[in-house]
Amino acid sequence: MRTVLYLRLSDEDRNKLSKQELSESIKNQEKILRKYAEEQNWNIIGVYQDEDYSGADRDRPNFNKMIKACKSGKVDIVLVKSQARFARDIELIDKYVHNLFYEWNVRFMTYLEKIDNTKKETKKTSQITSMVDEWYIEDTSLNIRETLKAKRENGEFTGSFSPYGYKKDPFHKNHLIIDPLAASIVKKIYLEYSNGLGLQTIANKLNQEKILSPLEYKRLNGSKLQIPITKFLENFSSIKQTGYYKVDISYPFIDLCNIFTLYYLTPCNPNIKIILTKSNSNQIKFYYTTKKNPQKKLKKEDWIPFHINDNIPNNCTYIASYIKTLSNYEPISYQFEIFLKENKKNIEYFFKFFHYQNNTKINLNYQCNIRKKYKWTSQTIKKILSNEIYIGNLLQFKSTHISYKNHTIIKNNPSKWIRANHTHQAIIDPAIWYSVQTYLKRRSNKTGHVHPLSNKIYCSYCNRIFIKCGKKDKTQYSYLCCKNKKDKWDNCINKKYINEKELHQFLLEKINEFIEIYYDKNILYSLNKKNKLKHQPKNILELEVLKKEIIEKKKYFSNLYENYINKVLDIEEFILLKQKYQEEIENLKSKIKIIENENSNNQQINQKISKIKFHHLDNSFFNLLINKIYIGIYDEKTNTREIKIIWNL
């Protein structure tokens with residue numbers, strides 16, 4: 001009898017087991033079933049296992065492979081430890097166990113409950129068991145939803161993966177702390193966008209600088225986030241687009257020693273550039289050669305060692321890896337990055353694997369996936385620029401699954417969103433963030449820059465936006481008019497165009513007047529791009545930001561003390577976190593002293609500046625100062641029109 005074993009490690013059991021027990025759970029299932037199958041003289045032709053999957057999940061990859069094998073007539077018996085391992089879903093049990101398996105002549109058997117779909121007396125046992133199993137899943141799902149809701153309302157982060165720029169606090173998994181490396185990229189994005197660069201231009205710059213996209217960065221740092229795979233590619237002939245690809249290789253559930261593996265690279269494509277980008281084991285050693293037939297003719301000196309992030313030459317023919325031990329408890333994986341041109345010749349292979357142990361060729365349970373490398377895009381940049389997480393706020397429950405059975409994600413009505421402010425340390429100053437939100441509504445031009453007046457100018461009569469009209473002059477300025485022109489002026493009488501150059505000049509004069517009256521020259525000095533002094537005084541706003549951070553830290557410390565009094569924290573946790581916040585406050589105070597000292601040293605230089613004027617509209621500063629501009633109706637008698645500026649400050 002052709003028999004397959006199905007093993008599953010329950011998601012709902014994961015919190016009950018230690019790391020060693022997790023692997024042992026799968027192992028024990030297999031040992032029990034193998035022994036039982038041998039006693040019955042059944043021939044085991046396959047073992048299918050799904051780890052980290054719930055019994056209510058219908059998208060289990062190996063479960064579906066097993067079903068496909070049953071449907072094709074390759075299986076006589078499906079053997080599981082218990083019916084719950086097969087599924088905790090009444091519909092799935094009824095669909096397969098009591099219907100389709102009959103149609104396909106497949107016998108379903110469980111070791112513990114002794115359920116056998118060929119025996120009518122076990123059908124009721126199966127139905128009652130499946131009902132109890134589903135009730136368990138449903139109750140668990142409801143309890144989890146209520147728990148998550150309470151945590152969100154309490155200002156705790158409940159996402160599976162922390163947003164780019166943050167990581168989960170090791171002492172409190174529902175609290176976010178700053179990831180310094182990713183946070184520096186977030187600050188860079190906000191700075192460049194405030195300075196007028198468009199979304200796609202910023203994305204292109206980050207890709208050129210080889211800065212990992214958020215998805216790739218998370219995976220590189222050990223996150224289990226599942227990047228959507230465009231296609232599982234088994235050979236080079238499947239690749240149709242030029243670009244960078246990732247090759248992930250892993251060896252799960254193996255107990256072997258001294259594994260020597262050869263990867264054959266096709267010499268038909270000279271555009272292969274391979275970089276070893278990740279490895280989770282120090283035991284792996286890598287080599288390459290440009291010779292042919294290495295398994296027969298090559299000597300030890302023909303193999304050239306290489307390490308993580310090393311480039312491999314295009315004339316490489318084989319890559320070899322040596323792994324001292326492979327253990328069930330520590331699966332080994334590593335990753336290559338490959339640049340490929342489109343496969344116009346439809347070459348039928350890319351990688352071929354040869355595994356040798358003690359000069360004997362063997363087959364290993366390895367996995368190899370080739371996928372497209374994910375890069376920065378304009379949408380990724382926009383998502384970062386519009387996320388309140390970076391000013392210390394949490395806005396959660398924006399989407400949810402339909403049910404515990406149906407994992408389709410649906411967007412929630414904004415009225416159901418759960419907001420909590422000041423839950424963690426901000427990366428971006430709120431004033432800058434809110435300024436950027438206005439800026440985001442504007443479009444970048446062909447040069448990749450956002451025009452400083454974009455989405456700022458409105459008609460004072462109909463409140464519609466002003467748009468460009470007419471041809472540009474020699475200085476590349478054009479004319480602006482109310483957008484109601486496109487509707488043939490059916491709702492507006494403000495028909496007179498305004499010269500863009502004249503409007504620029506008017507705004508510059510008003511900005512300079514505003515600056516002279518309201519702003520300390522100390523701030524402007526650092527913004528004036530024409531100054532070439534090496535030591536520019538720090539912006540006063542920076543001092544205010546640091547002082548605000550100290551206030552926030554003291555609030556956190558106060559809450560920390562309350563948690564200790566209320567016995568939420570024990571004495572060791574309290575002392576550890578207390579030291580952490582005190583150190584951060586002292587660091588902030590030292591930064592303030594440095595800035596104040598620099599400003600005092602440059603005070604004499606600043607006093608020599610009698611007047612500072614802007615001669616062009618600086619994107620970041622213009623966006624900081626001005627919210628909207630209203631253009632009034634042109635008065636033909638006086639040849640004038642009212643222009644009203646709504647200031648941000």
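Side-chain atoms are counted along with the backbone in the values below, which use heavy atoms only and exclude waters and symmetry mates. Position 1 is the first residue of the sequence, and the numbers go up from there.
Not a single donor-acceptor pair under 3.5 Å links the side chain of N117 to the backbone N or O of H98. A distance-only check finds no donor-acceptor pair linking the side chain of N154 to the backbone of E156 [under 3.5 Å]. A donor-acceptor pair under 3.5 Å links the side-chain atoms of N207 to the main chain of A203, judged by distance alone. A distance-only check finds no donor-acceptor pair linking the side chain of K168 to the backbone of I177 [under 3.5 Å]. The main-chain N or O of I90 is found under 3.5 Å from a side-chain atom of E134 such that the two form a donor-acceptor pair. With hydrogens and angles disregarded, no donor-acceptor distance shorter than 3.5 Å links the side chain of T147 to the backbone of R145. Using a distance-only test at 3.5 Å, with no hydrogens or angles considered, no donor-acceptor pair links the side chain of T380 to the main chain of W376. Without hydrogens or angle criteria, Q83 side chain to S126 main chain gives a donor-acceptor distance under 3.5 Å. Although no hydrogens or angles enter the test, the distance criterion places no donor-acceptor pair under 3.5 Å between the side chain of D179 and the main chain of G165. Between the side chain of T129 and the backbone N or O of T125, at least one donor-acceptor pair lies under 3.5 Å.
Note that the CD1 atom of I67 and the CZ atom of R60 stand 8.5 Å from one another [nearest 0.5 Å]. Atoms CG and CG, on L5 and L79 in that order, are 5.5 Å from each other to the nearest 0.5 Å. Put simply, CD on E103 and SG on C70 are 12.5 Å apart, with the number rounded to the nearest 0.5 Å. Between atom OG1 of residue T158 and atom CD of residue E153 there is a gap of 11.0 Å, rounded to the nearest 0.5 Å. We find the CG-OG1 distance between D116 and T122 to be 5.5 Å, quoted to the nearest 0.5 Å. Once rounded to the nearest 0.5 Å, the distance linking OG1 of T118 with CG of N105 reads 11.5 Å.
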- Query: What do the steps show when you test T110 against E113 for side-chain hydrogen bond (donor to acceptor under 3.5 Å, both in side chains), and what is the final call?
  - Reply: CA-CA 6 Å; T110 67; E113 302 102 338; 3.1 Å; yes
- Message: Between Q396 and F157, is the side-chain contact (heavy atoms from CB on, under 4.5 Å) condition met? List the steps.
- Response: CA-CA 8 Å; Q396 301 184 97; F157 179 75; 3.8 Å; yes
- Message: Is there a side-chain contact (heavy atoms from CB on, under 4.5 Å) between N43 and M1? Walk through the geometry before answering.
- Response: CA-CA 6 Å; N43 179 29; M1 303 295 288; over 6 Å; no
- Message: Test side-chain contact (heavy atoms from CB on, under 4.5 Å) on V106 and L100; report intermediate values, then the result.
- Response: CA-CA 8 Å; V106 174; L100 290 177; over 6 Å; no
- Walk me through it: do K114 and K119 pass the test side-chain contact (heavy atoms from CB on, under 4.5 Å)? CA-CA 10 Å; K114 305 302 179 186; K119 297 179 180 179; over 6 Å; no
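Of all heavy-atom pairs spanning Q49 and N62, the tightest one is O-ND2, 2.6 Å. Across all their heavy atoms, A56 and D89 have their closest contact at O-OD2, 4.4 Å. Nearest heavy atom pair, residue I178 against residue P180, reads O-CD, 3.4 Å. Shortest non-hydrogen contact noted between N412 and W417 is O-NE1, 3.3 Å. Residue T423 comes nearest to N393 through the heavy atom pair OG1-C, 4.4 Å, listed as atom of the first residue, atom of the second, then distance. Listed here is the closest heavy atom pair of I389 and Y166: O-OH, 3.2 Å.
A salt bridge is defined here as a Lys NZ or Arg NE, NH1 or NH2 lying under 4.0 Å from an Asp or Glu carboxylate O, and R88 with D133 meets this definition. Salt-bridge check for E216 with K375: failed, with every basic side-chain N at 4.0 Å or more from each acidic carboxylate O. For the pair D76 and R107, the salt-bridge criterion is not met [side-chain N within less than 4.0 Å of a carboxylate O]. In summary, R8 and D50 do not engage in a salt bridge, as defined by a charged side-chain N under 4.0 Å from a carboxylate O. Between E30 and R34 there is a salt bridge, since at least one side-chain N of the basic residue sits less than 4.0 Å from a carboxylate O of the acidic one.
Proximity of R58 to L92: side-chain heavy atoms (C-beta onward) are separated by under 4.5 Å at one or more points. Taking 4.5 Å as the limit, some side-chain heavy atom of K149 sits within range of a side-chain heavy atom of I418. Contact of the D94 side chain with the S130 side chain is not registered, since no non-hydrogen atoms from C-beta on lie closer than 4.5 Å. A heavy-atom distance below 4.5 Å is not found between the side chains of V78 and M109. Side-chain atoms of D169 and N174, non-hydrogen and from C-beta on, never get closer than 4.5 Å to each other. By the 4.5 Å heavy-atom criterion applied to side chains, V47 and L33 are not counted as neighbours. Side-chain atoms of L394 and E388, non-hydrogen and from C-beta on, never get closer than 4.5 Å to each other.
Ring orientation note: the planes of H172 and H175 are close to parallel, at an angle under 30° on the 30°/60° scale. Ring pair Y164/Y217 is perpendicular by interplanar angle, where above 60° counts as perpendicular and below 30° as parallel.
For F63, the ring-ring contact (aromatic ring centres under 6.0 Å, His included) criterion is met by Y6, F86, not counting sequence neighbours.
Judged by a 6.0 Å distance limit and a 45° cone about the ring axis, K71 is not positioned over the six-membered ring of W104.
The environment of NZ in K35 is sparse: at most 12 heavy-atom neighbours from other residues, nucleotides or ligands sit within 6.0 Å. Around CZ of F397, the count of heavy atoms belonging to other residues, nucleotides or ligands within 6.0 Å exceeds 12.
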